[in-house]
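Comments concern the structure below.
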Amino acid sequence: MKILFASSEVFPYSKSGGLGDMSNFLPASLVKAKVDVEIITPYYKQIIKYHERLVYIGSKTLYIGNISTVVNYYKLKEGLLDIIFVQNQQYFERDNLYGYYDDDIRFLVLSYAALEYVDLMKKPPQIIHCNDWQTAVIPFLLDEHYRKNEKYKYIHTLLTIHNLQYQGIFSKDKYIYFNKDFDYTYIHFDEINFLKTGIERATMINTVSPNYRNEILTNSFGFTLDGALKKREKDLVGILNGIDYDVFNPETDINISTNFNNANYLKGKKANKKKLLEYFNIKDNGKPLVSFIGRLVNQKGLDLMLDILEDLIVVKDIKLVILGSGDYSYSSYFEYLLSKYPKNVGFYSGYNEELAHQIYAGSDMFLMPSQFEPCGLGQMIAMRYGSIPIVRETGGLKDTVLPYNKYTGEGTGFSFYEKSSYVLKDVIFEAIDLFENNKEEWNKLTERNLEQDFSLDKTAKEYIKLYKQIIGG
Ligand code: ADP
């Protein structure tokens, strides 16, 4: 089986969130399962660090509307995995991954470059696996511009939607960049919508949890594409993401202060909590350490948190650690909390991989009250490091966190459904109550979390099944 995996970000070379993680971890697991996978992704500015390890393999000229531009392909070997970096200084070597006025052209460059790369391959892939809006136009371009060529005749496509909110919406005047065959059925609310072209044209579509798969067929979660998705309902599946158990392993993780396993986790968690509190200059007085790691955007349920965090600090004396970057309204609120309650609050504004691991290992509770959550990796990582997740029952959070039942003692975390900060506060109070007044139950809960299996092997098996279905049928 040969797969070309196209993604706009690949950890650790480039990452803005879960897409970056999955674009390395999933192909790596597929390769272990003997699938032949090549990843294709942009050569961003920071890739220069790896340049010495790259091997030049060829160049192509792309013609995109009235633009012509040359891309160079470089290969990086990472274990059994081949990563192809598409180098084009003008479009990719910038300070950030996204957010530019010409993002449409930038990711058309990536999409055309992926298709042109097929011509350099000894054998064409059976499937081009596209991810999110940045590469969602590949199935359309393949049909319109490449099908007649023998090498491209039998290539299938899979589109994975990691987040339906981001669709790649651009002015319809830009249709010329799709070249002359642009089809007006892809105009969505008077604009070009990259993701919609993929939904219409990909052989199959999947999203990253079974529950989110069902949610996006509804008006409330469909972000205006529920109609388009409904038309493809029988070709739409949900596969739960997983996490790399080698990267996220408290027993071997070099980013945490004290390694631990299921047998000695009590000592390990205590030492990591101490270190984390020290990092933020907070004194440990035995109160619960509650954390949040993620993009500071509305999706993550920050509005619910903002209403109640101050109360929890004042009333319960919780310790709060926040790591993230994003909207100014949220980061300025955390700056405010930090300045008012320096003995309780730690806030790191920005991206920090090592600190993230230390937070997962040192926290007692991990907050993820998302408005919607396609899958969510944070809660799985938290569980792997013995931090109890507190989540909203949506998307993948519902598929991965079983609500704690104080009567039966079952469950793996605390959860709620209603989008209400008061309900969230109640649930956090419940968690604090168990933490402070019933250590035995709390420890059992932690042990159940440590024993969960969210490894990618399971995820990879599901993708292999889907690939077979696509090729076979
Ligand atoms: P999303 O893809 O919506 O951003 P996920 O929960 O699926 O959310 O994945 C987020 C990933 O990014 C996790 O691995 C999380 O630990 C990591 N992450 C998010 N923000 C930061 C940050 N500021 N610093 C370090 N890691 C982060």
Side-chain angles (χ1 to χ4, degrees), residues 7-26 96-98 131-134 160-166 207-209 211-212 215-216 221 223 238-250 253 255-256 276 279-280 291-302 321-327 330-331 334 346-363 366-385 387 389-392 394-401 413 454-456 459:
S7 179
S8 59
E9 52 185 90
V10 180
F11 173 84
Y13 313 101
S14 53
K15 168 172 160 177
S16 76
L19 170 64
D21 284 333
M22 284 310 287
S23 298
N24 184 320
F25 301 158
L26 175 64
N96 299 309
L97 306 190
Y98 316 120
N131 293 277
D132 278 350
W133 72 264
Q134 293 90 343
T160 300
I161 301 173
H162 298 259
N163 192 333
L164 190 63
Q165 184 177 25
Y166 305 107
T207 184
V208 288
S209 70
N211 191 39
Y212 190 62
E215 286 176 344
I216 58 176
F221 289 92
F223 285 103
I239 299 179
L240 190 69
N241 275 347
I243 52 172
D244 188 320
Y245 267 38
D246 296 327
V247 173
F248 296 107
N249 182 354
D253 192 336
N255 299 307
I256 66 176
L276 180 58
Y279 178 88
F280 284 110
S291 65
F292 171 89
I293 300 173
R295 293 177 293 118
L296 302 182
V297 294
N298 174 270
Q299 179 201 333
K300 298 292 172 186
L302 289 150
V321 165
I322 307 285
L323 165 63
S325 62
D327 297 352
Y330 300 125
S331 55
F334 291 124
F347 174 44
Y348 184 105
S349 168
Y351 186 87
N352 188 329
E353 188 72 32
E354 296 86 41
L355 179 59
H357 289 233
Q358 185 65 41
I359 295 176
Y360 286 119
S363 309
F366 184 78
L367 282 179
M368 226 164 146
S370 307
Q371 301 275 346
F372 70 93
E373 194 58 74
C375 177
L377 299 178
Q379 83 282 14
M380 297 195 230
I381 306 170
M383 289 158 100
R384 174 98 167 119
Y385 285 78
S387 299
I390 299 177
V391 305
R392 232 192 110 236
T394 185
L397 295 171
K398 192 170 174 190
D399 284 324
T400 50
V401 178
F454 294 116
S455 67
L456 269 161
T459 310

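Both ligands and their constituent atoms are indexed starting at 1 by order of listing. Keep in mind that the numbers below use all heavy atoms, side chains included, and drop hydrogens, waters and symmetry copies.
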What are the polar N/O contacts of ligand 1 with the protein below 3.5 Å, with distances?
unit_1   : atom_1 : unit_2 : atom_2 : d
ligand 1 : 2 (O)  : Gly18  : N      : 2.6
ligand 1 : 3 (O)  : Arg295 : NH2    : 2.8
ligand 1 : 3 (O)  : Lys300 : NZ     : 2.8
ligand 1 : 4 (O)  : Arg295 : NE     : 2.8
ligand 1 : 6 (O)  : Leu377 : N      : 2.9
ligand 1 : 6 (O)  : Gly378 : N      : 3.3
ligand 1 : 7 (O)  : Leu377 : N      : 3.3
ligand 1 : 8 (O)  : Lys300 : NZ     : 3.1
ligand 1 : 9 (O)  : Gly18  : N      : 3.4
ligand 1 : 14 (O) : Lys15  : NZ     : 3.4
ligand 1 : 14 (O) : Asp21  : OD2    : 2.9
ligand 1 : 16 (O) : Tyr360 : OH     : 2.6
ligand 1 : 23 (N) : Gly350 : O      : 2.8
ligand 1 : 24 (N) : Asn352 : N      : 3.0

Check: Is there a donor in the side chain of Lys15 and an acceptor in the side chain of Tyr351, or the other way round, less than 3.5 Å apart?
Finding: yes
Notebook entry, point to check: Do any N or O atoms from the side chain of Gln299 and from the backbone of Phe372 form a donor-acceptor pair under 3.5 angstrom?
Noted result: yes
Check: Between atom SG of Cys375 and atom CD1 of Ile239, what is the distance when rounded to the nearest 0.5 Å?
Finding: 11.5 Å
Margin query: Going by the rule ring-ring contact (aromatic ring centres under 6.0 Å, His included), which residues pair with His162 if we only count those two or more places apart in sequence or in a different chain?
Written below: none
Notebook entry, point to check: Think Arg384 forms a cation-pi with Tyr245, using NZ or CZ under 6.0 Å from the six-ring centre and within 45 degrees of its axis?
Noted result: yes
Item checked: Tyr385-Asp253 side chain donor-acceptor pair, cut-off 3.5 Å -> yes
